[in-house]
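Structure, as structure tokens:
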There are 2 protein chains.
Amino acid sequence: MKQSSLCPKFEKGMQMLGKRWTGLILYQLLEGPQRFCALEGALPVSGRLLSERLKDLEKEGLVHREVFTDSAPVRVEYSLTQMGLAMEPVLKGIESWAQEWIVLDPKDPADCDRSND
Amino acid sequence: MKQSSLCPKFEKGMQMLGKRWTGLILYQLLEGPQRFCALEGALPVSGRLLSERLKDLEKEGLVHREVFTDSAPVRVEYSLTQMGLAMEPVLKGIESWAQEWIVLDPKDPADCDRSND
DNA sequence: TAAACTAACTAACGAAAAGTAACTATGTTA
DNA sequence: TAACATAGTTACTTTTCGTTAGTTAGTTTA
């Protein structure tokens, strides 16, 4: 692999966001702490990859994983750390950009607005 | 593939940015129109993928491709369209986020600042 | 005039990552 | 005890990536 003249921090950041699903997972977690199955249900990602991505994100420090042994079948909750939360403006920025610029096939109704949560 | 409850526009946007190199290519193009070989030199991406990504980005409307037949050996310049330029705040946002939060191995000096161009 | 060079790609191929489905461990409800 | 749910993991196939080599077209060099 070649060397680039870019800032290595930026490059690393883009490398993370430039992995499939990472952005969507973080975005979904902006809604608040969520369990594995909730994320799996909300996103079009398979359990295998979701598990993998969450592990990566935890390792990188964007996501916190907490296991609750008290309740019924063990419950695992994922939430954003400070570092993850700091991504909010970026994610919202992508959302606005998409709202403004992306045109979908005319067949889909495809309209949504979550900017007011 | 499952169905998600996310806004399809946002999902599509993330799908684009969530492809390897896309973000870096756009970021590099913020510097101004550039030729194929310049991009290839500036980024750690191979010619094959650069070509593929540029084609995608052109198709999606973020990048404009212009061929100059006047000068020496044919010259091809890539530049951002309005849609591509509109990504600037997002890309700069990722940059700031990375500057603030990403920690690299202590061996790399890894410090840079392009926020003032 | 032909060999070598440059820019901008494209093709082929092995390697890595993603998608899908089935399976596991643990506990719960019928 | 059988069927169900959560939170994964394993095994297998398909897709995407990365590398190297080759192509097209015009340019300089000898």
Side-chain angles (χ1 to χ4, degrees), chain A residues 1-4 6 11-12 14-29 31-60 63-80, chain B residues 1-4 6 11-12 14-26 28-29 32-60 63-80:
Chain A
M1 183 88 69
K2 281 186 331 176
Q3 187 63 31
S4 89
L6 291 168
E11 217 179 310
K12 177 125 191 258
M14 274 310 313
Q15 204 175 75
M16 294 161 108
L17 218 59
K19 267 199 159 183
R20 221 160 179 175
W21 309 120
T22 304
L24 291 179
I25 292 170
L26 292 174
Y27 182 82
Q28 186 60 33
L29 285 174
E31 304 271 301
Q34 275 162 85
R35 307 172 60 174
F36 188 88
C37 61
L39 290 168
E40 199 175 3
L43 303 171
V45 64
S46 71
R48 192 177 87 58
L49 274 225
L50 179 57
S51 172
E52 200 172 301
R53 280 300 109 87
L54 285 169
K55 234 177 279 176
D56 291 348
L57 287 169
E58 196 191 352
K59 202 182 64 190
E60 301 289 356
V63 161
H64 173 70
R65 177 177 187 270
E66 191 163 6
V67 184
F68 296 88
T69 36
D70 56 329
S71 70
V74 73
R75 193 160 50 92
V76 181
E77 265 189 13
Y78 294 89
S79 55
L80 295 177
Chain B
M1 183 85 74
K2 281 187 330 177
Q3 188 60 32
S4 89
L6 291 169
E11 215 180 311
K12 176 124 193 258
M14 274 311 309
Q15 205 176 77
M16 293 160 107
L17 219 58
K19 269 199 158 183
R20 218 162 183 176
W21 309 120
T22 304
L24 291 180
I25 292 170
L26 291 174
Q28 186 61 33
L29 285 174
Q34 275 163 84
R35 308 173 59 174
F36 188 89
C37 61
L39 289 168
E40 199 176 4
L43 303 171
V45 64
S46 71
R48 190 177 88 57
L49 276 224
L50 178 57
S51 172
E52 202 172 299
R53 280 301 110 87
L54 286 168
K55 234 177 278 178
D56 292 348
L57 287 169
E58 195 191 353
K59 201 181 65 189
E60 301 290 354
V63 161
H64 173 71
R65 177 177 187 271
E66 191 163 6
V67 184
F68 295 88
T69 35
D70 55 329
S71 67
V74 73
R75 193 159 49 94
V76 181
E77 266 191 12
Y78 294 89
S79 55
L80 296 177

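Residue numbering restarts at 1 for every chain, and letters A, B, ... go by the order of the sequence lines.
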Discussion item. Below the 4.0 Å mark, does C:dA8 have OP1 or OP2 next to a side-chain nitrogen or oxygen of B:Ser51?
Written reply: no
Between B:Thr22 and the options B:Asp56, B:Leu54, B:Leu57, the side chain to side chain contact (heavy atoms under 4.5 Å, CB included) test singles out B:Leu57
Nearest heavy-atom contact between B:Leu50 and B:Phe36 is CD2-O, 3.7 Å
Whole-Å distance, B:Leu54 CG to C:dA7 P, equals 16 Å
| said: Between A:Arg53 and C:dG19, is there a contact of a side-chain N or O with OP1 or OP2 at under 4.0 Å? | reply: no
Notebook entry, point to check: Hey, is the side chain of B:Trp21 poking within less than 4.0 Å of OP1 or OP2 on D:dC17, counting only N and O atoms?
Noted result: no
To the nearest angstrom, the CD-P distance between B:Glu52 and D:dT19 comes to 14 Å
A:Phe36 atom CZ is separated from C:dA25 atom P, nearest whole Å, by 18 Å
Per nearest nucleotide of DNA chain D, the residue lying toward the 5' end, A:Lys55 or A:Arg35, is A:Arg35
Here the distance between atom P of D:dC17 and atom CG of B:Leu24, to the nearest Å, is 13 Å
B:Arg20 CZ to D:dT19 C1', in whole Å, measures 14 Å
Between CD of B:Glu40 and C1' of C:dC9 the distance, given in whole Å, is 10 Å
Any A:Tyr78 side-chain N or O less than 4.0 Å from OP1/OP2 of D:dT6: no
> Are OP1 or OP2 of D:dT20 and a side-chain N or O of B:Ser46 less than 4.0 angstrom apart?
Replying inline: no
The nucleotide from C:dG19, D:dT9, D:dA7 with an atom nearest the side chain of A:Arg75 is D:dA7
Quiz prompt | Minimum side-chain heavy-atom gap A:Lys55-A:Lys59 below 4.5 Å | solution = no
Query raised in the report: So does A:Arg48 reach the base of C:dG19 with its side chain, donor to acceptor, closer than 3.5 Å?
Result: yes
So OG of A:Ser79 and CD of A:Gln34: to nearest 0.5 Å the spacing works out to 10.0 Å
Closest non-hydrogen atoms of A:Met14 and B:Gly23, given as atom of the first, atom of the second and distance, are CE-CA, 3.3 Å
Taken to the nearest whole Å, CG/B:Leu49 to P/C:dA8 is 18 Å
To the nearest angstrom, the CD-C1' distance between B:Glu58 and C:dC9 comes to 14 Å
